[in-house]
Undergrad: 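What follows is a single structure, and I will ask about it in a moment.
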Protein chains: 2
Amino acid sequence: MFKPLDPLLHSQLRLAVMSLLISVEEAEFTFLKEKTESTAGNLSVQLDKLEKAGYIEIEKSFRGKRPLTTCKITKKGIEAFEAYVDNLKNYIQ
Amino acid sequence: MFKPLDPLLHSQLRLAVMSLLISVEEAEFTFLKEKTESTAGNLSVQLDKLEKAGYIEIEKSFRGKRPLTTCKITKKGIEAFEAYVDNLKNYIQ
DNA sequence: TAAATAGGTTTACAGTATAAACCAATTTAT
DNA sequence: ATAAATTGGTTTATACTGTAAACCTATTTA
């Protein structure tokens, strides 16, 4: 009936990030920050967690002379997101 | 885009409880405990929070000689649940 | 009369989320 | 030149949350 909800995804900010990444495939830190209206600190921490779980990949580079952090959802991340949504439906329908 | 999710409802156990109460209108503690597969302690704490938020009403009585705790969702609770679900859809669609 | 069960509540602790403080480099203003 | 502001983040301190374990009172069963 109520299957457990992946705690990594059951978090407002991380869920928003995954939701964005699933549609755009790849996104910059600042893009995620704007869209989620989060602080940089909070976002940084939550991206770390998603990366450690293998749900996203984070690439650090430079654009011109400035640091640039790019995030991309992984196959594992997509599957986890889809499973989460499926489970969640039992709770809200 | 990503509206804030009511933190009181964005919790696996409390959401499950609200989901049950919205369909049955009234339920006993032990019923909720079985359906949610939670421990009594955890359930007790979370029911308290839902009550303090005005989302449910808790009535304590006796069945025979044993204590009986009955929970009922309030109008405010129903509205909060519906708003939560609406907001959540932005995240998972 | 001791042990198990029912029906919970309280509480201690670990985990989580968040903002504030910080950092290094770059750009802009003086 | 150099001070101040901005960019693009990370680290860290703290408050908040979730949970199980311990506990409690009464009842039933052995």
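Chain letters run A, B, ... following the sequence lines, proteins first and then strands; every chain starts at 1.
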Undergrad: Rounded to whole Å, how long is the line connecting atom CD1 of A/Ile58 with atom C1' of D/dT10?
TA: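 In whole Å, D/dT10 C1' and A/Ile58 CD1 are 12 Å from each other.
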
Undergrad: In whole Å, I'd like the distance from the NZ atom of B/Lys33 to the P atom of D/dT19.
TA: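 Value for this atom pair: 15 Å.
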
Undergrad: Roughly how many Å is it from CG in B/Leu47 to P in D/dT19, rounded to a whole number?
TA: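 Taking atom P of D/dT19 as the reference, CG of B/Leu47 is at 13 Å.
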
Undergrad: Does the pair B/Lys33 and B/Glu28 meet the rule for a salt bridge (charged side-chain N to carboxylate O under 4.0 Å, His left out), with working shown?
TA: CA-CA 9 Å; B/Lys33 180 170 175 294; B/Glu28 294 172 15; over 6 Å; no

Undergrad: So if I take every side-chain heavy atom of B/Arg66 and compare against C/dT9, C/dT27, C/dG7, which nucleotide ends up nearest?
TA: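 In terms of side-chain proximity for B/Arg66, the closest of C/dT9, C/dT27, C/dG7 is C/dG7.
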
Undergrad: Can you label the angle between the B/His10 ring and the A/His10 ring as parallel, tilted or perpendicular, going by 30° and 60°?
TA: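 Parallel, since the angle between the ring planes stays under 30°.
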
Undergrad: How many Å lie between CG on B/Leu50 and C1' on D/dG18, as a whole number?
TA: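 For the pair B/Leu50 CG and D/dG18 C1', the rounded distance is 13 Å.
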
Undergrad: Hey, does A/Gln46 reach any base, or is it just sugar-phosphate, or nothing, if we go heavy atoms under 4.0 Å?
TA: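 Since a base atom lies under 4.0 Å of A/Gln46, the category is base.
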
Undergrad: Once you round it to whole Å, what is the distance between P of C/dT11 and CG of B/Asn42?
TA: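 Going from CG in B/Asn42 over to P in C/dT11 covers 16 Å.
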
Undergrad: Under 4.0 Å, counting only non-hydrogen atoms across every strand here, what does B/Leu43 touch: a base, just sugar-phosphate, or nothing?
TA: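 Counting heavy atoms under 4.0 Å across all strands, no contact is made by B/Leu43.
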
Undergrad: Can any side-chain N or O of B/Thr74 pair as donor or acceptor with the backbone N or O of B/Gly54 at less than 3.5 Å?
TA: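 Such a contact is found between B/Thr74 side chain and B/Gly54 backbone.
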
Undergrad: Counting only side-chain heavy atoms from C-beta out, which of C/dG8, D/dT19, D/dT28 sits nearest to B/Lys65?
TA: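 Per side-chain heavy atoms of B/Lys65, the pick is D/dT28.
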
Undergrad: How is A/Ser11 classified with respect to the nucleic acid when contacts are heavy atoms under 4.0 Å: base, sugar-phosphate, or nothing?
TA: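 Sugar-phosphate, backbone atoms only, no base.
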
Undergrad: Got A/Ile73 and A/Tyr55 here, is their nearest side-chain heavy-atom distance under 4.5 Å?
TA: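 SC-SC contact between A/Ile73 and A/Tyr55 ruled out.
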
Undergrad: So does A/Leu43 get a backbone contact from the side chain of A/Arg14, meaning a donor-acceptor N/O pair under 3.5 Å?
TA: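 No.
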
Undergrad: Between C/dT10 atom C1' and B/Lys49 atom NZ, what is the distance in whole Å?
TA: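 Nearest whole value for this atom pair: 13 Å.
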
Undergrad: Between A/Val45 and B/Leu13, which has a closest nucleotide on DNA chain D that is more 5'?
TA: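 Mapping each residue to its closest nucleotide by heavy atoms, the 5'-most match is A/Val45.
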
Undergrad: Tell me: CZ of A/Arg14 to P of C/dG15, nearest whole Å?
TA: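 Rounding to the nearest Å, CZ of A/Arg14 and P of C/dG15 are 14 Å apart.
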
Undergrad: Given C/dA19, is OP1 or OP2 found less than 4.0 Å from the side-chain N or O atoms of A/Thr39?
TA: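 The answer is yes; a side-chain N or O of A/Thr39 sits under 4.0 Å from OP1 or OP2.
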
Undergrad: Would you kindly compare B/His10 and B/Gly41 by the position of their nearest DNA chain D nucleotide and give the one closer to the 5′ end?
TA: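 Of the two residues, B/His10 wins.
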
Undergrad: C/dT11 P sits how many Å from B/Asp48 CG, rounded?
TA: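 The distance from CG of B/Asp48 to P of C/dT11 comes to 12 Å, rounded to the nearest Å.
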
Undergrad: Classify the nucleic acid contact of A/Thr69 as base, sugar-phosphate or nothing, counting any heavy atom under 4.0 Å across all strands shown.
TA: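 Result for A/Thr69 = sugar-phosphate.
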
